[in-house]
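As the structure is a computational prediction, the values presented were derived from the model and not from experiment.
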Amino acid sequence: MDSAAAPAVARAIGGAIRADLSGDVTLEALHMVAQLVKQDKCACHPEALAPFLEIRFDEGVLALEAGKKPETLSRKQTRKKRAEEREQWRKARAEKDKKKAEKERLKSFGHDPDDDSDEDDFEKSLERDMSEAAGRMDNAAKRKLQSKMLLATFEMYFRVLKNAASPVPAKRLPLMTPALIGLGKFTHLISVNFMEDLMEVFRKLLAGDALSADQKARTLLCACEILSGHGEALHVDTGEFHRQLYAMLAKPSDWTGGGDDDAKLDAGALRIKTLQRFLAGYKQVDQNRVAAFAKRLAGTALASEAGEAVGALGVARQLLAAYPKTRCLLENEKVGVGAFDPNLDDPETCVGLAAVLWDLSLLRSHYHPAVAAAASEVAGMPLQGAVATALGSHAPAELARLHSTTRGTFRPAIPPPRVGKKAKTSPLDRASGKGKRGERAVLDLGPELRALVEGTAHDENANAKGSGGGGGGGGADEAVVDALRRHFLETKAFAVNGELRKEATRLRRMTQKAKAHAHERAAAAAAAAAAAKKKKKETSAAGGKKRSKAAKAA
């Protein structure tokens, strides 16, 4: 398939599937793409499977079909039945091609065959459109059609998984990601009888080296979605999945892309979503295993992109909050028995409870403020008791996507630099930027300064001759040099003493504020003394009145 035309073709097929109410077009498209996948040995363009995410299965009809007693056929009968179906499809296509060729032959003779059957075709199309609009369809035919669509869909997905698990898989497994996305979407329609075999295929794929890190994360996410639905009845041991997930955290992610909105997540966000579903989605996980995951998540955050680091710390916080015993990792010294081995890829045998989350002290100084805040929040968790709900309503995977820097964005936005006052430059510096002509203009003394310097030099020479000192001295040039030297020395001293003048001004202001404060305190003390004196006089006057009344009464 042409890589440039593949998205357009996939959109066209998806639009046809959405507009198909009866399901005939969808079933035909499924058969054609399944044949293409089989011929190319699963080496097609990833967009080949993307349109079938638009299929709308009628779960009620499928439930009735699933409740029927399955027809038991021998291998010979099964081959015969499939051969008959293929023969029917072949005959239908041959009849269609024959009619088309007959029309083309008649048209070459100048005869328009459509004129004779316009009325019949119009009636048939009208009847078909009305039946589709009214939803009238034979229930038996509908159940049969839905079952065929479901069977063709999962047969195509299972073919991709089987190819990936084979000794010679397709190069780079281009259909693996869309197949896993489709399985995750239609997982509630998978029969329980096939789930155990599907889990075995997943274990084989995860144990091999054919999948990339992100394809393994997608496989683990698909397995978790299957086990959280109808797969709960299987009681599958998730230890192998946990070991693969733990080992995956120690490797860098290499993003391979995907075909829907969920696949547009960054690789880090995908791994965080997988962790969240596998660890936080189950009611009870071994404490030692949880502690090992919390330690590896903190270590992964040190070497990860900022968005993935925020998500990893979010999952670690959820684990520590759900399992209080694991908060011993926040102690300064190890609490568990044994020694933590960070090189082991098995969370059950690496003694996670003996680890210490020293990684948080480094993450609190992270360049990204969101990572630093998340690390501080995890480090400040109480060692016992309930933990307050995390700020915000975003899940760790959503936080990883929001704070991801892989798209060239930074959240929160970096504030622009402050625009301060421009540094004061001397006239010589400003003129030097204009070239040598400006520099000469500044170095020129000017008429007033030259007259002043020449007059000073003339007076000094006259005084020297009058005193009989003899000799002509240094002349006007020496006088100019002396005058300029004095000028620049005074300017330099003025600039050096500028800081002292600023300090003196600051001290003057502080002195004035201290005096004003002292005056306010003195005024407040005087007002308080006057009020106390007035109150004392009122008290003595009241006592005298009482004594006089008592004397009169006596």
Enquirer: Does a salt bridge link E87 with R90, judged by any charged N lying under 4.0 Å from a carboxylate O?
Expert: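 Looking at E87 and R90, the cut-off is met.
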Enquirer: Please report the closest heavy-atom contact between G352 and L329, naming both atoms and the distance.
Expert: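 Shortest heavy-atom contact: O-CD1, 3.8 Å.
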Enquirer: Please check if any side-chain donor atom of T405 sits under 3.5 Å from a side-chain acceptor atom of E305, or the reverse.
Expert: yes
Enquirer: Does P412 reach the side chain of P369, with side-chain heavy atoms less than 4.5 Å apart?
Expert: yes
Enquirer: Going through the checks in order, is the side chain to side chain contact (heavy atoms under 4.5 Å, CB included) test met by L399 and I272?
Expert: CA-CA 10 Å; L399 289 175; I272 295 304; over 6 Å; no
Enquirer: Supply the atom-to-atom distance F202 CZ to L220 CG, rounded to the nearest 0.5 angstrom.
Expert: 9.5 Å
Enquirer: Do F410 and H403 make the cut of ring centroids closer than 6.0 angstrom?
Expert: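 No.
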Enquirer: Rounded to the nearest 0.5 Å, how far does NE2 of H31 lie from CE of M149?
Expert: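 Taking CE in M149 and NE2 in H31, the distance rounds to 10.0 Å.
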Enquirer: Just by distance, do the side chain of K171 and the backbone of A43 share a donor-acceptor pair under 3.5 Å?
Expert: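 Not at all, since once roles are kept as given, no pair shorter than 3.5 Å links the two residues.
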Enquirer: Could you pull out the closest heavy-atom pair between A29 and F52, with the gap in Å?
Expert: O-CZ, 3.7 Å
Enquirer: Treating K185 as the side-chain partner and L53 as the backbone partner, does any N or O pair qualify as donor plus acceptor under 3.5 Å?
Expert: yes
Enquirer: Roughly how far apart are T177 OG1 and D214 CG, rounded to 0.5 Å?
Expert: 8.0 Å
Enquirer: Between atom CG of D40 and atom CD of Q35, what is the distance when rounded to the nearest 0.5 Å?
Expert: 10.0 Å
Enquirer: For Q77, I'd like to know if atom CD has over 12 heavy atoms of other residues, nucleotides or ligands within 6.0 Å.
Expert: yes
Enquirer: For salt bridge (charged side-chain N to carboxylate O under 4.0 Å, His left out), just list the numbers for R82 and E85, CA-CA rounded to whole Å, side-chain angles, deciding distance to a tenth of an Å, and then say yes or no.
Expert: CA-CA 5 Å; R82 290 182 179 177; E85 291 179 354; over 6 Å; no
Enquirer: Indicate yes or no for a side-chain donor-acceptor contact from D20 to the backbone of V25 under 3.5 Å, with no hydrogens or angles considered.
Expert: yes
Enquirer: Taking C-beta and beyond as the side chain, do L270 and L221 meet within less than 4.5 Å on heavy atoms?
Expert: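 Touching, per the 4.5 Å side-chain cut-off.
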Enquirer: At what distance, to the nearest 0.5 angstrom, does CE of M381 lie from CG of L320?
Expert: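 If we round to the nearest 0.5 Å, M381:CE and L320:CG are 5.0 Å apart.
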Enquirer: Before you tell me yes or no, could you show the steps for M176 and L205 under side chain to side chain contact (heavy atoms under 4.5 Å, CB included), namely the whole-Å CA-CA distance, both residues' side-chain angles and the distance that decides it to 0.1 Å?
Expert: CA-CA 11 Å; M176 189 65 186; L205 288 173; 3.5 Å; yes
Enquirer: Establish, yes or no, whether the cationic atom of R203 lies under 6.0 Å from the six-membered ring centre of F241 and within 45° of the ring axis.
Expert: yes
Enquirer: Give a yes or no on whether the backbone of A170 and the side-chain of N163 come within a donor-acceptor separation of less than 3.5 Å.
Expert: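 Indeed, once roles are kept as given, a pair shorter than 3.5 Å links the two residues.
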Enquirer: Using a cut-off of 6.0 Å, state whether more than 12 heavy atoms not belonging to Q384 lie near its atom CD.
Expert: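 Open: at most 12 neighbouring heavy atoms sit under 6.0 Å from CD of Q384.
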Enquirer: Should the ring pair F154 and Y157 be called parallel, tilted or perpendicular, given that the plane angle runs from 0 to 90° and is split at 30 and 60?
Expert: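 Geometry flag for Y157 against F154: perpendicular rings.
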Enquirer: Does a donor on one side chain sit under 3.5 Å from an acceptor on the other, for Q244 and E240?
Expert: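 A donor-acceptor contact under 3.5 Å links the two side chains.
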Enquirer: Is the side chain of T326 donor-acceptor paired with the backbone N or O of Y323 at a distance under 3.5 Å, no angle test?
Expert: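 At least one qualifying donor-acceptor pair exists.
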Enquirer: Quick one, L183 with L161, criterion side chain to side chain contact (heavy atoms under 4.5 Å, CB included). Give me CA distance, side-chain angles, the key distance, then yes/no.
Expert: CA-CA 11 Å; L183 282 174; L161 295 180; 3.6 Å; yes
Enquirer: Is there a donor-acceptor pair under 3.5 Å between the side chain of R56 and the backbone N or O of R18?
Expert: yes
Enquirer: Checking R296 side chain against P347 main chain: does a donor-acceptor pair fall under 3.5 Å?
Expert: no
Enquirer: Looking only at non-hydrogen atoms, find the nearest pair between K216 and L206 and report the distance.
Expert: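 Taking K216 first and L206 second, the nearest heavy atoms are NZ-O, 3.5 Å.
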Enquirer: Might you work through the side chain to side chain contact (heavy atoms under 4.5 Å, CB included) test for T238 and L227, ending with a clear yes or no?
Expert: CA-CA 9 Å; T238 59; L227 292 176; 4.1 Å; yes
Enquirer: To the nearest 0.5 angstrom, please state how far the CZ atom of R271 sits from the OG atom of S304.
Expert: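 These two atoms lie 6.5 Å from each other.
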